[in-house]
Structure formats: structure tokens, C-alpha cells
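The structure appears right after this line, and notes come after that.
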Amino acid sequence: DAGVTQSPTHLIKTRGQQVTLRCSPKSGHDTVSWYQQALGQGPQFIFQYYEEEERQRGNFPDRFSGHQFPNYSSELNVNALLLGDSALYLCASSLVNQRSRYGYTFGSGTRLTVV
Amino acid sequence: QKEVEQNSGPLSVPEGAIASLNCTYSDRGSQSFFWYRQYSGKSPELIMSIYSNGDKEDGRFTAQLNKASQYVSLLIRDSQPSDSATYLCAEAGGGADGLTFGKGTHLIIQP
């Protein structure tokens, strides 16, 4: 049973560029959420997708956008990259009606470095 | 804005002892609580979830929730060196809420 898979593993971009990160949820899961984790900090919630719609958004600017596809996979797009966007980006999936009991399963993350 | 507070540590515990990790949260509407373990350079791994007041046990781990006092704790019995990691406390409200995490507690189990 495949867990949450993310690609790419590592990425180096230049300030001002745009980046797309990808996530495939755990088999059977229908909800995908994205988190940003800076070094030494806990993950910060970016947004959550269910039924191909953004359901909730954290305190992140519009430069961060996303998409969920009919097969439940998801993309995170970040435009006009800043040095401060350098972080580990985590994707987490869950089953919408079982989140309270079983929580969220995280992927291994994408390490983004902006230079 | 929701907040989850944890002591960043490091918390040093001898091997075989009980490690006690604590977390407080600000939103009385929070419904579910989670403890994740994160090894350096790795992604968070779910250890325990709890949503009812009281204790929940799973092997060497016990999660405790007190909604009146707005705190959650995690006890690790018979601590092993492999338990050395950062432990993240997280909460979720209802609906489509994402998780709100604390900054994590760095736990060191001394052989």
C-alpha cells in the first residue's frame, strides 16, 4: 500500500522564479493538505483540498496556489519566489470522515532552496 | 489565531525511564489532537491521536487530554534511544481545518 508520495525530493530555484510541487495521496485518501516547515519550526498549514476545491487556507499570500485533480493528487505552486520560501514542503493526506480518529499521513517532503 | 505551545527542550531522559511531553492549545473549539514524531531530516510520523477527555494507551505510549485545562500530554514508557526525536503536538478543529502544530519538543534518550 503506497503511502503519500511527493516529487521532487529536492529543488533549487532562483528568487523570482516559479515552482510546482506534486503530491499523490495515500491509497484510499481523498483529502490533501500542504504544509511549510522552516528549520527548527513546526509545520505551518498552507491549504487543504477536498473534491478538487480549496476548503481552507492558512496565513499564506496568494503567491501560494494549488490544485487537486480528479484522482485526488495535488500540486502546490509558488510564484515570485522569495529567499524566505526556502523550507521543507510537506503534503499530508487523509480520509475526510476519519481525520479525527486516524489523523493525517505525511509524505517525505520536498526540500526547496531559493537562492 | 490558533496557537499550540510546546517546550522546545531539549528534554533529556535516561533510557528505561518515562518521558513526559506536554502541549497547551488556545482554541476551545479544537476537537482532535495528534502527536507526531519527527526524526531529523524526515517527515512527521503519527504516534497517537486523541479526541476524548482522558487517557488513550497504545503500547509504550499514552496520550492524555484535558479539554477544561486545554492541555495534551504524551507519556513514553520504557524510553529507548530510538525514541530520540522531535515530538510535534497538533490540533484540528472541525470541518475542513488543517492541523495547527506546535514548534515541537526535542527529546533525547540517554543510554
Side-chain angles (χ1 to χ4, degrees), chain A residues 3-6 9-10 23 26 29-60 64 66 68 74 76 87-111, chain B residues 1-10 21 23-25 27 29-53 56 58 61 63 65 67 72 74 85-106:
Chain A
V4 179
T5 58
Q6 292 186 242
T9 305
H10 295 85
C23 171
K26 182 178 179 179
H29 284 184
D30 55 11
T31 302
V32 173
S33 51
W34 288 90
Y35 296 80
Q36 180 195 66
Q37 187 175 25
L39 203 61
Q41 302 295 315
Q44 297 292 311
F45 174 67
I46 302 175
F47 43 53
Q48 181 158 272
Y49 278 85
Y50 171 65
E51 292 185 329
E52 302 179 50
E53 290 188 11
E54 182 182 298
R55 298 292 178 166
Q56 193 195 29
R57 188 179 186 91
N59 189 25
F60 279 81
F64 290 77
Q68 185 180 34
S74 177
L76 164 65
L88 179 66
Y89 287 85
L90 295 162
C91 172
S93 72
S94 63
L95 197 54
V96 67
N97 60 356
Q98 294 185 356
R99 286 175 298 170
S100 297
R101 186 177 297 272
Y102 299 111
Y104 298 72
T105 301
F106 281 82
S108 56
T110 294
R111 174 72 63 187
Chain B
Q1 185 170 343
K2 296 181 183 180
E3 290 186 351
V4 175
E5 300 286 342
Q6 294 182 257
N7 188 324
S8 61
L21 305 164
C23 160
T24 59
Y25 59 96
D27 186 2
S30 297
Q31 296 187 5
S32 305
F33 303 86
F34 307 90
W35 283 99
Y36 282 85
R37 178 176 64 197
Q38 187 173 31
Y39 294 113
S40 181
K42 302 296 185 183
S43 62
E45 173 193 10
L46 182 65
I47 299 297
M48 295 281 289
S49 65
I50 187 167
Y51 52 91
S52 298
N53 272 328
K56 179 182 177 182
D58 184 2
F61 300 95
L65 173 60
K67 290 188 176 181
V72 192
L74 179 70
T86 295
Y87 287 80
L88 297 162
C89 175
E91 66 85 31
D97 280 16
L99 294 173
T100 300
F101 281 89
K103 293 184 177 181
T105 297
H106 183 204

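We use all heavy atoms of the structure for the numbers below, so side chains are in, but hydrogens, waters and symmetry mates are not.
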Counting only heavy atoms closer than 4.5 Å, note whether [X] contacts chain A via side chain, backbone, both or neither.
X: Q38(B); answer: side chain
X: L88(B); answer: side chain
X: Y36(B); answer: side chain

Exam field: side chain Q6(A) to backbone C91(A), donor-acceptor pair closer than 3.5 Å: yes
Chi angles and distances behind the side chain to side chain contact (heavy atoms under 4.5 Å, CB included) call for K56(B), F33(B): CA-CA 12 Å; K56(B) 179 182 177 182; F33(B) 303 86; over 6 Å; no
E5(B) and T24(B): side chain donor to acceptor below 3.5 Å: no
Among S49(B), P44(B), G104(B), residue most engaged with chain A (heavy-atom pairs, under 4.5 Å): P44(B)
ring-ring contact (aromatic ring centres under 6.0 Å, His included) involving Y49(A) - partner list, sequence neighbours excluded: F47(A)
